[in-house]
Amino acid sequence: MKDNDSAIATVGIAVSTPDISDTGTAKTAAAKRLGTPKAAATAPGTPNAATTAHVGRGMLLAALGVAAFSLTFPATAWGLEGMGPWTVVMLRSVLATVPAGAALLALRVRPPERRHWAGIAVVAGGVVLGFPLLTTLALETSTTSHAAVVVGLLPLTTAACSAVRTGARPSRTFWIASLVGAVVVIGFAVQQSGGVPNRSDLLLFAALLVCAAGYTEGGRLARHMPGWQVIGWALVLALPVTAAGAALALSAEPLELTVRSVAGVLWLAVGSQFLGMVAWYRGMAVIGISRASQLQLAQPLLTLLWSVLLLGERLPPAAPAAALAVLVCIAVTQRTRG
């Protein structure tokens, strides 16, 4: 992963260089005199139609991933209407492994190289097990709108994790904006919880960390293999745990199947856990983690919308205000890439 794949500002080094525009003009004129094709006469760094289309596809894929993720909390709330939290988490992962494993077998995909398994294990621990479990347990006592605002910090934590992973040095502006965003979210959580963060808030903050690690490693691995294989192998790696967990949870927790609970778990498995991750990791591989994380600006606001439309929640006035404040902080961090 390159350093500019994180929301960072690179350190500039003053050097003496010729005027780029003059150089480009001179090269173009010389090319015309020599009969060089028009495409080859384009000045260095000038985007062409193929590059623009490639970036456009990457943006679209990342946006589809964000749209899928924005429905995760409402779908989890639906699943919890008829199932226990451990059943929801383990069952969604087992069900997601079915299409992922079938695709790996049908296409005869070779197992990843040994050097990639550590990263796949981080993806499995972060986005297959850790984030779903922590957020599902939090949603037992938290509203989806509250959780959406807290998890709105995910782009910041992902960018920070990416910077640490690459050994880059984010700018002072990046850290200030990140700190302000964190203060806004913590203040919102404390205000909504009556003075101190409650258990659900602590679970959501922990979910941010493990998901950021999973996103960072997934984005890195998607440069070496297709995004669907990254999440596919992560699901397969976690299958012994999720299958055993699903069997235990189904025997220990109450189960009352309803249309909404079944629909919720099916969306979590197919939409959030597999297809959403496929699109997201592929999009990150094409346009970079930092640019993809900009699209996550819309995720908390979309989740707030779904919580009203699908769950009938009444938003506290502080929720959209806090979400917009975090959005501004994230936008500032994205402009510090240099």
Side-chain angles (χ1 to χ4, degrees), residues 65-66 68-100 120-144 146-148 150-154 157-158 199-218 230-250 252-253 261-281 296 299-300 303 306-307:
V66 169
F69 299 154
S70 71
L71 282 162
T72 298
F73 287 171
T76 301
W78 276 12
L80 289 173
E81 291 180 4
M83 307 177 194
W86 290 88
T87 301
V88 170
V89 173
M90 297 302 169
L91 199 56
R92 66 178 274 184
S93 296
V94 171
L95 292 176
T97 308
V98 175
I120 292 174
V122 173
V123 174
V127 302
V128 175
L129 295 171
F131 185 79
L133 177 59
L134 292 168
T135 53
T136 301
L137 292 174
L139 285 171
E140 282 191 295
T141 56
S142 172
T143 63
T144 59
H146 181 94
V150 175
V151 177
L153 277 179
L154 185 56
T157 53
T158 302
R199 174 177 173 271
S200 64
D201 292 325
L202 297 178
L203 289 170
L204 290 170
F205 288 136
L208 286 172
L209 298 178
V210 298
C211 189
Y215 276 2
T216 300
E217 285 302 305
V230 174
I231 189 60
W233 286 116
L235 286 165
V236 170
L237 182 63
L239 184 60
V241 175
T242 56
L248 290 173
L250 285 169
E253 293 181 332
S261 65
V262 172
V265 170
L266 287 178
W267 174 259
L268 290 172
V270 179
S272 298
Q273 193 77 74
F274 184 59
L275 295 179
M277 286 295 179
V278 170
W280 177 244
Y281 281 147
Q296 281 187 304
Q299 187 171 326
T303 301
W306 298 133
S307 69

Residues two or more places apart in sequence or in another chain: which of them pass side-chain contact (heavy atoms from CB on, under 4.5 Å) with S261? M83, T258
Return the OG1 to CG distance between T242 and L91, rounded to the nearest 0.5 Å. 9.5 Å
Any side-chain heavy atom of E253 within less than 4.5 Å of one from P85? yes
Please report the interatomic distance CZ(F274) to CG(L95), rounded to the nearest 0.5 Å. 13.0 Å
Ignoring hydrogens and geometry beyond distance, is a side-chain donor-acceptor pair present between T76 and T136 at under 3.5 Å? no
To the nearest 0.5 Å, what is the distance between OG1 on T143 and CZ on F73? 10.5 Å
Please collect all side-chain hydrogen bond (donor to acceptor under 3.5 Å, both in side chains) contacts where either partner lies in residues 90-100, sequence neighbours excluded, each pair once. R92-Q273
Sole residue of T72, T135, L139 in side-chain contact (heavy atoms from CB on, under 4.5 Å) with T144: L139
Would you say that L154 contacts F69 through its side chain, given a criterion of any heavy-atom pair below 4.5 Å between the two side chains? no
Test salt bridge (Lys or Arg N to Asp or Glu O under 4.0 Å) applied to E81 - qualifying residues, sequence neighbours left out: R260
With side-chain contact (heavy atoms from CB on, under 4.5 Å) as the test, would you mind laying out the steps for T158 and T216 before giving the verdict? CA-CA 6 Å; T158 302; T216 300; 4.1 Å; yes
Using a 3.5 Å distance criterion without hydrogens, assess whether the side chain of S70 forms a donor-acceptor pair with backbone atoms of Q299. no
Do V270 and L275 have side chains that approach each other closer than 4.5 Å (heavy atoms only, starting at C-beta)? yes
Can you tell me how far apart CG (L204) and CZ (F131) are? Round to the nearest 0.5 Å. 8.0 Å
Distance col, row L248:CG vs T87:OG1, nearest 0.5 angstrom, shows 10.0 Å
Is there side-chain contact between L137 and W86, with at least one heavy-atom pair below 4.5 Å? yes
Report yes if the side chains of V151 and P300 come closer than 4.5 Å at any heavy-atom pair, otherwise no. no
Please tell me if the side chains of M277 and Y215 come closer than 4.5 Å, counting only heavy atoms from C-beta onward. yes
Taking the side chain as C-beta and beyond, is there a heavy-atom pair between V128 and I231 under 4.5 Å? yes
